[in-house]
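Below, read A as the first sequence line, B as the second, and so on, with proteins coming before strands; counting in each chain starts at 1. The basis for the numbers below is simple: all heavy atoms, side chains too, and nothing from hydrogens, waters or symmetry mates.
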Amino acid sequence: MHIDVNSAFLSWTAIDLLNNGFGKDIREEYAVISGDESKRHGIVLAKSDKAKQKGIITGESLYNARRKCPNLNVYAPDYHLYEEMSDCLFKLLSTYTPDIEILSIDECFIDYTKIKKLYGDEIAFAHKLKDKIKQELGFTVNIGIGNNKLCAKMASDFQKPDKVHTLYQHEVKAKLWPLPINELYGIGKKTSEKLITLNIKTIGDLANIDYNFLYKYFKNQAASMIESANGIDHSLVISNSLPPKGISHSITLERDLTTKEEIYEVLQMIVERVAISLRKQHKYAYVVVVNLKNQFFKSYSHQVKLKNATNITNEIFETTKRLLDEMWKNEPIRLVGIRLDSLVDSDHYQQSLFEDVVDREKQKKLEEVIDNLKSKYGHHIIKPAALSKNKKKMN
DNA sequence: TCTGGGGTCCTAGGACCC
DNA sequence: TCTGGGGTCCTAGGACCC
């Protein structure tokens, strides 16, 4: 089964507003959740059914959405709230089974095969489950049932909200094949455009295409594309969520930055964040990546693999500065991002002849102390002098 | 005041090795 | 007599997902 919260961010904000005495349910009006336009974060993160009927889609600019629906009501996202609501949902589900694979903040798979003996017919169970979620948590979900994850996921997407759908193997032809090709999981904008030029317009078209023909255009992807279109998927529900492969953070700036010093300051801020997150997870990173986006929305990245995995803020910061020096084309920058990759559980430190190991150990201890101060007294209790607004007052 | 942020996976090309 | 083939690792970029 695939369980998917209907318009998650919007539903969750709606509940929160109702709980705080807001007189109306924003699920019933022309509403979207969006970031702050003045900070250049104005894109649609979630929409109500009514907004959807106006043609508003997730991911488009708020500017665009307003043109489709001039009297649109806009609400800010609250990520802390969303984490809490998400936790509540997964906790409720885990009272039924430990076999839950969390896909994102608002959706997951459960392996019903293993608990069918306990709870009986899956369709009856799914209805009871969705009603229980609505009653106890206040929001609706769609539940898709299938013989594998792909079919369950496609089924949960059929008709919304508050519905249970099945997509068993024998239903693939009737329920999956008529859908437009871009609705197949794994087929995005680029691939569907390419497929349409090949006259492959529906999932059924893809399901029945000649493999050798498709191979010419999609190489190794061809086989799995045809399998998906036939509702075939051998992947398993993996309950114990895997550790992250990387940690990243990026910021779209309120205005484009034009000097290296300004970009350094942003880098420093972002490094602080990712490094703390890294240490919190007891990880060390081998690879440091800097990503930039220029005023024309062109992104480019530069990365380096370190000799030694690190979790030391300063080592990461110095690395990102070096990367920036090498890659920056002296042009206005809209977004600055950092990613830490190739994470390992311990640093297996290889001492270099020219390094001061004592100093490195001291640095690590210092950062442990700083992390503790921050978690006790808040993020702003201590920060690099370079990020202080009153640099002259600092001792 | 048009266009976010956090992820995963894949591919292509170059360096390098035997 | 101009120049293989297989393999790994690294980097950059892109597609896709929510």
Side-chain angles (χ1 to χ4, degrees), chain A residues 2-10 32-47 56-68 74 76-77 79 82-83 86 101-109 149-150 153-154 156-157 182-195 218-225 228 235 238 241-256 270 273-274 277 286-307 323 326-327 334-343:
Chain A
H2 181 252
I3 298 156
D4 195 329
V5 180
N6 301 128
S7 304
F9 287 5
L10 191 113
V32 296
I33 303 293
S34 164
D36 185 347
E37 260 175 320
S38 69
K39 296 197 165 119
R40 308 203 294 188
H41 292 177
I43 71 154
V44 174
L45 300 164
K47 61 210 178 287
I56 292 171
I57 55 173
T58 301
E60 78 178 320
S61 66
L62 191 53
Y63 178 87
N64 240 352
R66 278 214 181 85
R67 285 201 315 200
K68 292 176 180 174
V74 182
Y79 292 99
Y82 302 157
E83 295 285 351
S86 175
E101 178 177 339
I102 295 171
L103 260 197
S104 73
I105 194 163
D106 73 329
E107 58 177 308
C108 66
F109 291 106
K149 282 161 67 175
L150 176 77
K153 172 121 177 99
M154 293 304 297
S156 71
D157 223 29
N182 60 301
E183 289 187 23
L184 183 60
Y185 185 73
I187 304 294
K189 193 166 176 286
K190 297 285 176 183
T191 307
S192 53
E193 280 170 7
K194 210 165 145 187
L195 286 168
F218 293 96
K219 300 281 179 61
N220 296 334
Q221 288 176 60
S224 66
M225 285 166 69
S228 290
S235 66
I238 300 177
S241 61
L242 302 161
K245 305 256 165 89
I247 295 171
S248 70
H249 187 56
S250 61
I251 298 174
T252 292
L253 305 150
E254 286 183 41
R255 57 175 181 86
D256 291 349
I270 300 175
R273 270 190 66 147
V274 290
S277 171
Y286 270 108
V287 174
V288 179
V289 190
V290 172
N291 187 41
L292 299 177
K293 190 191 280 181
N294 69 17
Q295 59 191 137
F296 305 113
F297 276 78
K298 174 79 186 161
S299 287
Y300 49 102
S301 68
H302 212 50
Q303 71 180 65
V304 68
K305 182 167 173 142
L306 304 171
K307 285 240 159 47
L323 289 167
E326 288 165 7
M327 72 190 290
R334 179 190 175 89
L335 170 145
V336 178
I338 290 173
R339 181 169 174 82
L340 302 177
D341 240 319
S342 295
L343 305 188

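In this structure, A/Ser299 reaches neither bases nor backbone, as no heavy-atom distance under 4.0 Å exists between it and the strands shown. Looking at heavy-atom distances under 4.0 Å, A/Leu62 makes no contact with the nucleic acid at all. Residue-level contact check: A/Lys153 touches the backbone only, with heavy atoms under 4.0 Å from sugar-phosphate atoms and none from bases. Among the atoms of the strands shown, only primed sugar atoms or phosphate atoms (P, OP1, OP2) are found under 4.0 Å from some heavy atom of A/Leu184. Nucleic acid contact for A/Gly246: sugar-phosphate only, since backbone atoms but no base atoms lie under 4.0 Å from a heavy atom of the residue. Among the atoms of the strands shown, none is found under 4.0 Å from any heavy atom of A/Asp36. Contact annotation for A/Lys189: backbone-only contact, meaning every heavy-atom pair under 4.0 Å involves sugar-phosphate atoms and none involves a base. A/Ile187 comes within contact range of the sugar-phosphate backbone alone, with a heavy-atom separation under 4.0 Å but no base atom that close. Across all strands, A/Val289 comes closer than 4.0 Å to no nucleic acid atom at all (heavy-atom distances). Heavy atoms of A/Arg67 sit nowhere under 4.0 angstrom from any nucleic acid atom. Within 4.0 Å of A/Gly35, counting heavy atoms only, lies no atom of the nucleic acid at all. Counting any heavy atom pair closer than 4.0 Å across all strands shown, A/Glu107 reaches sugar-phosphate atoms only and no base atom. When heavy atoms are screened at a 4.0 angstrom cut-off, A/Leu45 is found touching base atoms of the nucleic acid.
Taking the C1' atom of each, C/dG4 and B/dC16 are spaced 16 Å apart, rounded to whole Å.
Between A/Arg66 and A/Phe218, the one whose closest nucleotide on DNA chain B sits nearer the 5' end is A/Arg66. Between A/Glu60 and A/Lys245, the one whose closest nucleotide on DNA chain B sits nearer the 5' end is A/Glu60.
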Which string of ( ) [ ] | and . matches DNA chain C, if you list each base 5' to 3' and count Watson-Crick or G-U pairs only when both distances are under 3.5 Å? ....||||||||||||||
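A/Glu60 places a side-chain N or O within donor-acceptor distance of the main-chain N or O of A/Ile57, the cut-off being under 3.5 Å. A/Ser7 places a side-chain N or O within 3.5 Å of a backbone atom of A/Lys47 that can act as its donor or acceptor partner. Listed for the A/Ser224 side chain is a donor-acceptor partner under 3.5 Å among the backbone atoms of A/Gln221. Using a distance-only test at 3.5 Å, with no hydrogens or angles considered, no donor-acceptor pair links the side chain of A/Arg334 to the main chain of A/Phe297. Between the A/Ser34 side chain and the A/Ile43 main chain, a donor and an acceptor come within less than 3.5 Å of each other.
First and last contacting nucleotides of DNA chain C toward chain A (any atom under 4.0 angstrom from a heavy atom, 5' to 3' order): C/dC10 to C/dC18.
With sequence neighbours excluded, the residues that form a ring-ring contact (aromatic ring centres under 6.0 Å, His included) with A/Phe109 are A/His2.
Between atom OG1 of residue A/Thr58 and atom CG of residue A/Leu45 there is a gap of 8.0 Å, rounded to the nearest 0.5 Å.
Enclosure of atom OH in A/Tyr63 is not indicated, since only 12 or fewer non-hydrogen atoms of other residues, nucleotides or ligands lie within 6.0 angstrom.
Using a 4.5 Å cut-off on side-chain heavy atoms (C-beta onward), A/Met225 and A/Ile187 make contact.
Residues A/Arg40 and A/Arg255 approach most closely at NH2-C, 3.3 Å, considering heavy atoms.
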